Structures are given as structure tokens and as C-alpha cells.
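Report on the following structure.
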Amino acid sequence: MSAQRLIPYLPLAAVLALPFFLSNYYQHLAVQIAIWSLIYTAWALMGRFRLTSLGHGAFLGVGAYVPTLLWNNWGVSPWLGIPLAMALAVALALVIGYPCSRQKVIGHYFALVTLALGQVVLLVIVASREVTGGSLGMTPHPVGYSWYALQIPDRAQFYALALAAWLAGLAVWRWVDRSMIRFALESIAEDEDAAESAGVDVLREKLKITALSTGLTALGGALYAQYLMYLSPDAMSGVGISLQIVFAAISGGMYSLLGPTVGAVFTIGLNEGLRVLFGTHFIGASNTIYGALLVAFIIFMPRGIAGLVEKLGPRAKPPAAKPLSPDTQPAE
Amino acid sequence: MDIYLLEAIINGLLLGGVLALLSLGLNLIFGVIDVVWIVYAEIVMSAMYAVYWLHNYYAWPLFLAFPAAILIAALIGVLVHMVVIEPILGSAPINQLLATGGLLFFLQSLATLLFGTEFRNLGVRLPVLELYGLYISFSRLIAFIVALIGAVALYLFLARTYLGTSIRAISQDREIMGLMGVNERRTYVITSAIGGGLAGLAACLLVLQYDVHPFIGLTFGPITFMICVLGGLGNMIGGFFAAFIISQIIGIGGYYFSSEAAEVLAFVFFIVMILIRPQGILGKK
């Protein structure tokens, strides 16, 4: 890549570097935005192919709890624990995903099965309260500042870490976007049977994207837990957080590379802005507005903020492949 | 048999009645409009608050507060349909599901804003019946009986009236019914009202047993969806049976393990069943 081609990315790089020079509060927001952007991107990775999972809280929970449990009980470093948690989340996803794909559990049914899965993980965490602390939550054994234990009280350093993870998520998205997986999955989303008869290995492609999506979600969950240094079942798994993931990704725009990130900026910004505006007297006010906005978004702009920007953008590209009716193969 | 086990089974049976009522409303709406109202349990929550405020704040007697709450829930049902579902009736079903999901956030947060996060108790204490050494909660018994009456009334309405017949007809073939002279829009609105009303009825029964708080929907919402899918989405009879299967798993599982473990068991049972029979226990492919 020549130096000239890098110029358009300079403002973006400047924005990403900005939190390093800001106060603690803004660094805190930046870390949260980076982590949630990763998680929302991970969800949208499969969500945009009409694999609407309402249970990503399950993988978030696995990602958050497994490294902490390993650290607290056996002193295993999160550097080992996080890959293990990701593998475990992927395994869990495949255990559910394989029969789902085999039995053609799609649409509503897929959404509701995954919803149940998120709830299972929540209840398992609550029920095994001897090791997880149940509803009261738990903390990783603190050792102060330690990269080995991934306990980094310095916000700027953690921001760098979260930024790297987020970029890794975007890289995965880009890779999927440019590979055959994307075309295969778009055809599956349009019509599963037709895709299968055209030679697409439906089961394999679905499981591939599921593994990528859930693994990255677990990574996000692990980072979030390490950052907060506190884990609680309701914040890390279950229906509430699962729906939060879905809606943030949708409101940002799940069909664009940066859409889920826009969703994270939008939801966290809205929440903070309204909190500052209303103070803490009106708990619920921000979410009430957010809920109403969500309904409006899904009705009027199902492609989210990023979709709207792309449509109105001055440098509107010639109509590329539409999200779900691709013109992938030349008709021969 | 152990008397506590018997008690667990009876309590499970009684719980099943309310769950069956909840699943009936959701299945009716899915069968007719082809939409899953993720917000369903939050409509129940709203109606529970309605009972609470009318009874405790405005001192309405329960026999007035209950019908009022049912009417409010029916009205919410109509609003859900007209404001949220109707504009996107033609788009992908999953979008409609997600739109009602946005509404879930809205109602939950609105309740938090208006009423705070405290647990509120109706303050009506019903006696506990003792029968041959068995303790049975009277409020659960009433809930069970009313739920059954509600189910039978719904069945008679669907089977015997013109409106009911048109609702069933639409659920069988959406496209053709307009040509047959059935007003689709009106049928959808009425179905939504009935669905909302059933949520209101369930709320009246639940408010006697549980404290109200803004997040109560999350505790029995997932179970209701699970029951509907287990019975086959849109299949009211299947849902009815599934409600009792799930409530027995929760009741008996709670006796042997803890109540959370029992719920985990129910959810795992659900996931396994859906992977064996994705069309539901009574569903046809």
C-alpha cells in the first residue's frame, strides 16, 4: 500500500488515537465502545445473513466466566484462559448450530432456540453459585497491575488492547466479505434449498460463520470482564444482554463493516448523553427513548445509521451487491 | 409417594394453567398474523402494574381493576399491531419480531421511569388450602381454574362465532381470505386485541402470586416462547399441552434440585426437543 493510499485513513486513525490524550472518563467510554463494537460486529457477522441469534449472551457469558474461573481456581493466565473460553463458546455454538442447521431451524424458530440458549447459560451461572457467586457476581482475584493476569488498571493501555481486538474483529469481517463464504451465505439467506441445489454446502458455511461470530463474542465478553473486574450473570448473559447486542448492531447497521461500531458509539453515547442530561433522577428515561428509537429504526431504516449514511453519502458508490439479493454469478 | 413430591406435581399443574393461558395468546397472534410478539410478557407486566395502581392507589376494588387491566392490555395489543406491526407487515418476519423486541425495551424502561425498580406487592393475601396434609395456594388454584375457563372460552369463540371462524380461516390461508370477503385488517386488529386481553387476564392471575417490577417479563417471557415453540408455533392445542409438560419439569425438577436447575432442565429439554422435532410436539411438517 503506497503512502498516498493511506491518506484517507488518517482522520480515522486520528479519531482512534484521540482517547489516549483525553481524560479518564473519556478513556473509560472509549474502552467500552471498543469492546462493545467488537461484540456487535461479531453478532452482525452472522446476523446479516439472516442468522438472527437472540442468544449471543450465552457466548458472552462463557467468554467472561471461563477465564475468570480458571484464574481464580487454578491460577491459569487469561492469555490461556481466553482462547480456551473462545474454543468452549464455539463448541457450545456448534453443539446447537449443527442440529439447527441439519433440521433447518431458521427464522423465528432459530431466534427462539437461541433465546433459550442465552437463558440456559444465565441460569447455569446463577445455579452454580458455589463457584460463580450466583446473582451476586464475582471478581477475578486482583493482583494489581499485571499483563500476565490481564489486570490493567491503566485505561489507556486497556484501550490499546481493546482497540487491537476490535481491529481483529473488523479484519475477520473484511476477510469474510472478500471470500466465497459471503456469497454462499447470501445465497443461503435468500433461499436455503435453492442454494443447496446449486452446490452450496449449507451446513458447513453456516457453521463456519457461527464459529467465527461466537468465538469473537466470547473474546469480547472476556475483555469486558477483565476490564470491569466484576462479573454478574445479568450483565454478561441472558435475554436482556442478548437483545441489547442485537439492537445495537441493528441500529448501527448490520450490513456495513463499521455499522455495528456506529451502533456501539450511538448506544453508549445516547446513554451517557441522556444520563448527563437527566441526571440519575430519571432512571429508565434513556432506555425509554432508546426503545422508541429502536422501533422506529426497524420500521423506517432497517439498515441502520450506517445504511442511511451510505444512502445519503455524497460519494455514493454505484449500487454494489445489495445485502440480501446478490448478483453473484454471471448468468451463463 | 412422598407428600412433598405430590405437592410439587400439583403446584406444577397449577402453574401450567397460567403458562397455558400465556401461550394461547401468543400462539393465536402467531397463527393469525404470523408475528412473534417478543414484547408479550411486557404487556403482561404493564397490565400487572395497571391492577396494582388501580387497586392500591385509586382504591378500585379488584372486580373492577381486573377488567380494566384486561381492557388496557387489549388496547396495548391493538396499539402494538397498528403502530408497530402494520407498517412492516410485508417485510421479513424476523424484522417484525425485532420491532416488537424494541418495544420490549420501551415498555420495560417506561415502567422503570414511571414506577421505579421496587418490587410492588398487591397486598391481597389469599388463604392456603390444606387438603389431606397437602398445602395448596388458593391464588394458584384460582389462576388454574380461570386459565382453563379462559382457554375454553377462547375455543368456543374460535369454533362457534363468525369472527372466530374468520380468524381461523386467515390462519389457514392468508392470501385467499381477502378474496372471500373477510376484512383482513379488522381481523388482525381484533386478534391483537384478544391476544392482548389474554395477556391482561394472565396478568390478573399472576399479580396475585408475584410482586410486580419492570423486569418481571424477563422471568416468564422466555418460558412462554419456549412453550409456544415446543407446542409448534401457532398450534394452540400443542402449546396447551407443552405448558403442562414444562410446568411439570419445573415443578418436579424443583423438588429434586433447585428451582434454577429445574429451569435449566426445562430449557435443555426444550432445545433437545426442538432439535428432534423442530415442528413442535404436535406440529405437522
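All values derive from a computational prediction rather than experimental measurement. Chain letters run A, B, ... following the sequence lines, proteins first, then strands; residues in each count from 1. Below, all heavy atoms of this structure are taken into account, side chains as well, without hydrogens, waters or symmetry copies.
Of all non-hydrogen atoms in A:G240 and B:F105, the two that sit nearest each other are O-CZ, 4.3 Å. A:I298 and B:I88 get closest at one heavy-atom pair: O-CG2, 4.5 Å. Counting all heavy atoms, side chain and backbone alike, B:P222 lies closest to A:V239 at CG-CG2, 3.6 Å. Here the shortest heavy-atom pairing between B:D34 and A:H108 reads O-CE1, 3.8 Å. Of all heavy-atom pairs spanning B:F270 and A:L112, the tightest one is CE2-O, 4.1 Å. What you find for A:T288 and B:F106 is that their closest heavy atoms are O-CD1, 3.2 Å.
Only the side chain of A:L54 comes within less than 4.5 Å of a heavy atom of chain B; its backbone N, CA, C and O stay farther away. Looking at B:L107, neither its backbone nor its side chain comes within 4.5 Å of chain A, counting heavy atoms on both sides. Proximity to chain B (any heavy atom under 4.5 Å) is shown, for A:V113, by both the backbone and the side chain. Contact annotation for B:L233: both backbone and side-chain heavy atoms come within less than 4.5 Å of a heavy atom of chain A. In this structure, chain A has no heavy atom under 4.5 Å from any part of B:I223. Residue B:F30 touches chain A through its side chain alone, counting heavy-atom pairs closer than 4.5 Å. Heavy atoms of A:A292 lying under 4.5 Å from chain B belong to its backbone as well as its side chain. Contact annotation for A:V120: both backbone and side-chain heavy atoms come within less than 4.5 Å of a heavy atom of chain B. At a 4.5 Å heavy-atom cutoff, A:L293 makes no contact with chain B through either its backbone or its side chain.
Per-residue heavy-atom pair counts under 4.5 Å with chain A were compared for B:V83, B:L114, B:V84, B:L265, and the maximum is reached by B:V84. Interface remark: of the candidates B:V268, B:T117, B:I38, B:V36, B:V36 forms the most heavy-atom pairs closer than 4.5 Å to chain A. Here B:G101 is the residue among B:S91, B:S258, B:G101 with the most heavy-atom pairs under 4.5 Å with chain A.
Atom CG of A:L294 and atom OG1 of B:T100 lie 11.5 Å apart (nearest 0.5 Å). From B:E260, atom CD reaches atom CD1 of A:I125 across 12.0 Å, with rounding to the nearest 0.5 Å. With rounding to the nearest 0.5 angstrom, the CD atom of B:Q108 is 8.5 Å from the CG atom of A:N287. Between atom CG of residue B:N95 and atom CD1 of residue A:I299 there is a gap of 10.0 Å, rounded to the nearest 0.5 Å. Annotation: the span from A:D234 atom CG to B:L218 atom CG amounts to 8.5 Å, rounded to 0.5 Å. A distance of 5.0 Å separates CZ of A:F247 from CG of B:L98, quoted to the nearest 0.5 Å.
A:Y230 OH: more than 12 foreign heavy atoms inside a 6.0 Å radius. Within a 6.0 Å radius of CZ in B:R168, other residues, nucleotides and ligands contribute more than 12 heavy atoms.
The closest donor-acceptor contact from the side chain of A:Y290 to the backbone of B:G102 lies at 3.5 Å or more, if one exists at all.
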